[in-house]
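Written out below as structure tokens is the structure these notes cover.
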Amino acid sequence: MIPSGWRSGEVAVIGLGRSGIAAAQWLVRQGVAVYGSDLADTPVLRAAAATLSHDGVAVDVGRHDLDRIRRAVAVVVSPGVPPDAPALKAARSARREIVAELDLAVRALESVRLVVVTGTNGKSTTTALIAHLLQTAGLRAEAAGNIGRPLIDVAREPTLPDWIAVEASSFQLHDAPHLAPAVGVVTNLAPDHLDRYPDAKAYYADKRLLFRNATADSVWVLNGDDDAVLALARGVPGTRRHFRIGAEADAWFDRVGEYLMVEDEPVLRRDELPLLGEHNVANALAAALAARATGVETSSLAGGLRTFQPLAHRLEPVAETDGVRWVNDSKATNVTAAIRAVQAMTGPFILIVGGHHKGERYEPLAQALSKHCRAVVAYGAAGHLVAPALAASGAPVETVQRFDEAVRRAGELATSGTTVLLAPACASYDQFANFEERGARFRALVEERCRC
């Protein structure tokens with residue numbers, strides 16, 4: 001479970017977000033000496049540091065002790081820490097083993113079977129839906145990973161589940177050499193995180209690490225409409241199952257009959273699936289195939305699909321006031337995700353975009369803005385880049401600095417029968433800690449309007 005050498009010294013945990021904190025706490029409970037550090041210094045981090053110190057972790061906030069990291073027997077890295085960070089450079093220079101919290105958890109959960117979901121968009125919804133389908137079918141299953149709950153947390157439970165649906169980002173896959181999913185899912189691929197990767201090729205290379213421990217027994221659920229996904233899995237051992245929209249496959253959407261089809265059986269009418277957007281039909285098909293690969297009967301899929309509740313911050317209907325509908329898609333942190341949110345709008349809408357620029361071009365989003373888009377409000381650090389690109393759509397574009405001001409202005413522009421859609425196409429880091437905080441702020445501002 002824990003390499004014997006790790007008990008001979010101190011393990012360094014770099015980055016004290018959710019996964020870093022969970023990894024440090026788990027290691028201490030296994031009797032391992034731990035040093036945790038984070039370059040940021042915020043009230044939230046200081047509170048976390050106090051908790052970790054009480055648990056027996058040596059903690060630095062606002063700095064990394066590079067000498068201490070060089071002396072560590074191993075390093076556990078949080079997904080938010082870039083590979084060129086000085087702390088990781090120090091570890092590599094000392095030839096220390098560097099692993100993600102995900103890899104630590106995989107070793108601790110070696111008796112549990114994993115369904116691992118990666119891709120550019122739709123990972124969280126697909127992961128949560130897989131867990132829900134398995135639970136509905138009577139299996140002991142949980143969702144963890146990049147979806148919000150660190151995988152190592154599951155290892156602390158007295159009774160382990162039969163299956164875990166795991167959302168894995170490219171950052172986590174980069175440092176998870178022991179990950180060997182029984183079932184792997186790739187939702188789709190598009191350029192992303194170009195503020196961290198030199199190009200899309202490097203980003204896709206980390207995604208391909210999902211397959212590094214593939215065997216003939218592995219099952220891979222792949223987006224048959226995405227050539228990049230199919231190329232990623234080319235030559236990989238195991239069984240391939242494909243899902244598609246509008247064309248027959250192992251699971252597909254019959255546009256004529258409006259049915260979700262799984263292995264030639266009509267499972268659910270489209271209007272019974274409680275998710276907005278055609279991209280979520282693809283996510284549901286992927287989840288259904290993954291569930292089938294775990295042994296779930298086709299006959300039980302409809303109930304699970306019908307009762308699934310949309311996740312927060314993912315095309316989440318927030319409220320309707322004065323005839324204006326407010327939809328929170330704060331998780332749309334890249335251009336492709338924003339395009340899918342826009343395509344889910346069937347009537348007039350006001351679009352809120354902006355935040356922290358991730359290196360993408362916004363012209364594809366401009367091309368996707370249909371006649372339904374009545375106006376765009378661009379905000380934040382990326383606002384000056386987004387505004388001229390989206391102006392080409394013909395929709396009026398306004399630029400503001402603060403997020404709260406963007407929400408207020410969108411509300412002023414919206415009339416009865418209009419939707420205000422938050423689909424930022426950018427990361428949240430200019431004004432928020434993460435997309436969840438941004439989405440929660442959006443919800444709070446909307447609820448405040450409703451009370452007026």
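Only heavy atoms go into these numbers, but all of them, side chains included; no hydrogens, no water, no symmetry mates. Model, not experiment: these values are computed from the prediction.
- Using a distance-only test at 3.5 Å, with no hydrogens or angles considered, a donor-acceptor pair links the side chain of Arg7 to the main chain of Gln30.
- Taking the centre and axis of the six-membered ring of Phe432, the NZ or CZ atom of Arg441 falls outside the cone set by 45° and 6.0 Å.
- Atom OH of Tyr35 is separated from atom CG of Asp60 by 3.5 Å, given to the nearest 0.5 angstrom.
- Remark: the backbone N or O of Phe171 is not paired with any side-chain donor or acceptor of Arg196 at under 3.5 angstrom.
- Not a single donor-acceptor pair under 3.5 Å links the side chain of Glu142 to the backbone N or O of Leu160.
- Rounded to the nearest 0.5 Å, atoms OG1 (Thr333) and CG (Asn121) are 7.0 Å apart.
- Side chains of Ile2 and Trp26 form a contact here, defined as non-hydrogen atoms less than 4.5 Å apart.
- Listed for the Arg241 side chain is no donor-acceptor partner under 3.5 Å among the backbone atoms of Val219.
- For the pair Tyr379 and Ala406, the tightest heavy-atom approach, listed with the atom from each and the gap, is CB-CB, 3.8 Å.
- The closest side-chain heavy-atom distance from Leu422 to Val327 is not below 4.5 Å.
- The environment of Arg92 atom CZ is dense: over 12 non-hydrogen atoms of other residues, nucleotides or ligands sit within 6.0 angstrom.
- No side-chain heavy atom of Val166 sits under 4.5 Å from any side-chain heavy atom of Val117.
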**Request:** Begin from the C-alpha positions of Phe243 and Asn283 and carry the test side chain to side chain contact (heavy atoms under 4.5 Å, CB included) through to its verdict.
**Result:** CA-CA 9 Å; Phe243 60 94; Asn283 294 336; over 6 Å; no

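- Screening His64, Arg71, Arg70 for a side chain to side chain donor-acceptor pair (under 3.5 Å) with Asp67, the sole residue that qualifies is Arg70.
- Relative orientation of the His357 and Tyr362 rings is tilted, given thresholds of 30° and 60° on the angle between their planes.
- Of the residues listed (Glu316, Arg443, His313, Arg438), the one engaging Ser330 in a side chain to side chain donor-acceptor pair (under 3.5 Å) is Arg438, and it is the only one.
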**Request:** With side chain to side chain contact (heavy atoms under 4.5 Å, CB included) as the test, would you mind laying out the steps for Leu285 and Ile245 before giving the verdict?
**Result:** CA-CA 9 Å; Leu285 293 169; Ile245 297 291; 4.1 Å; yes

**ring pair (Phe, Tyr, Trp, His ring centres under 6.0 Å) between His132 and Phe308, intermediate numbers included** = CA-CA 7 Å; His132 180 72; Phe308 180 71; 5.8 Å; yes

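- For the pair Glu101 and Arg149, the salt-bridge criterion is not met [side-chain N within less than 4.0 Å of a carboxylate O].
- One distance of note links CH2 of Trp220 with OG of Ser218; it measures 4.5 Å at 0.5 Å rounding.
- Ion pair Glu405/Arg409 not flagged as a salt bridge, since none of the NZ, NE, NH1 or NH2 atoms sits closer than 4.0 Å to an Asp/Glu carboxylate oxygen.
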**Message:** Using the rule given for side chain to side chain contact (heavy atoms under 4.5 Å, CB included), can you reason through Asp175 versus Asp103, listing the C-alpha separation, both sets of side-chain angles and the distance that settles it, and then say yes or no?
**Reply:** CA-CA 7 Å; Asp175 295 305; Asp103 194 74; over 6 Å; no

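- Distance alone, capped at 3.5 Å, is enough to place a donor-acceptor pair between the Ser393 side chain and the Ala395 backbone.
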**Message:** Between Thr159 and Glu157, does the side chain to side chain contact (heavy atoms under 4.5 Å, CB included) criterion hold? Intermediate values first, please.
**Reply:** CA-CA 5 Å; Thr159 302; Glu157 295 184 1; 6.0 Å; no

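- Checked by atom type and distance alone, the side chain of Asn213 pairs as donor or acceptor with a backbone atom of Leu179 at under 3.5 Å.
- Residues Ala87 and Leu66 share a closest heavy-atom pair of CA-CD2, 3.7 Å.
- Note that CD1 of Ile350 and CD of Glu398 are 9.5 Å apart. Values are rounded to the nearest 0.5 Å.
- A donor-acceptor contact closer than 3.5 angstrom is absent between the side chains of Ser170 and Tyr204.
- The structure places CG of Asn434 at 5.5 Å from OG of Ser428, a figure rounded to the nearest 0.5 Å.
- Looking at Glu447 and Arg449, their side chains never come closer than 4.5 Å, going by heavy atoms from C-beta outward.
- The residues Glu97 and Arg107 are annotated as salt-bridged, a charged nitrogen and a carboxylate oxygen being separated by less than 4.0 angstrom.
- Nearest approach of Leu365 to Ala425, heavy atoms of both residues: CD2-CB, 4.2 Å.
- Remark: the backbone N or O of Ala291 is paired with a side-chain donor or acceptor of Thr294 at under 3.5 angstrom.
- At distances below 3.5 Å, at least one donor-acceptor pair connects side-chain atoms of Ser8 with backbone N or O atoms of Gly5.
- Salt-bridge formation is detected for the pair Asp162/Arg140: a Lys NZ or Arg NE/NH1/NH2 atom is positioned less than 4.0 Å from an Asp or Glu carboxylate oxygen.
- Between Leu315 and His279, some side-chain heavy-atom pair lies under the 4.5 Å cut-off.
- For the pair His193 and Asp195, the minimum side-chain heavy-atom distance is below 4.5 Å.
- Between Glu10 and Val34 there is no side-chain heavy-atom pair separated by less than 4.5 Å.
- Looking only at distances, a side-chain donor or acceptor of Glu167 sits under 3.5 Å from a matching main-chain atom of Ile147.
- When every heavy atom of Val186 is checked against every heavy atom of Gly119, the shortest pair comes out as CG1-CA, 4.4 Å.
- Judged purely by atom type and a 3.5 angstrom limit, Ser78 has no side-chain atom pairing as donor or acceptor with the backbone of Gly80.
- A donor-acceptor pair shorter than 3.5 Å can be found between the side chains of Asp192 and Asn334.
- Glu360 has no carboxylate O lying under 4.0 Å from a charged side-chain N of Lys358, or vice versa, which leaves the two without a salt bridge.
- One finds a salt bridge joining Arg18 and Glu436 here, because a Lys/Arg side-chain nitrogen approaches an Asp/Glu carboxylate oxygen to under 4.0 Å.
- Counting heavy atoms from C-beta outward, Leu445 and Trp326 have side chains that stay 4.5 Å or more apart.
- No more than 12 heavy-atom neighbours from other residues, nucleotides or ligands sit within 6.0 angstrom of OH on Tyr429.
- Of all the heavy atoms in Val61 and Ala49, the pair that sits closest is CG2-CB, 3.5 Å.
- Expressed to the nearest 0.5 Å, how far NE2 of His174 lies from CD1 of Ile98 amounts to 8.0 Å.
- The pair Asp329-Arg314 does not count as a salt bridge, with every side-chain nitrogen at least 4.0 angstrom from each carboxylate oxygen.
- In terms of heavy atoms, Cys426 sits closest to Val386 at SG-CG2, 4.4 Å.
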**Request:** Quick one: do Asp84 and Lys89 satisfy salt bridge (Lys or Arg N to Asp or Glu O under 4.0 Å)? Show the steps, please.
**Result:** CA-CA 6 Å; Asp84 60 352; Lys89 287 182 177 179; 5.7 Å; no

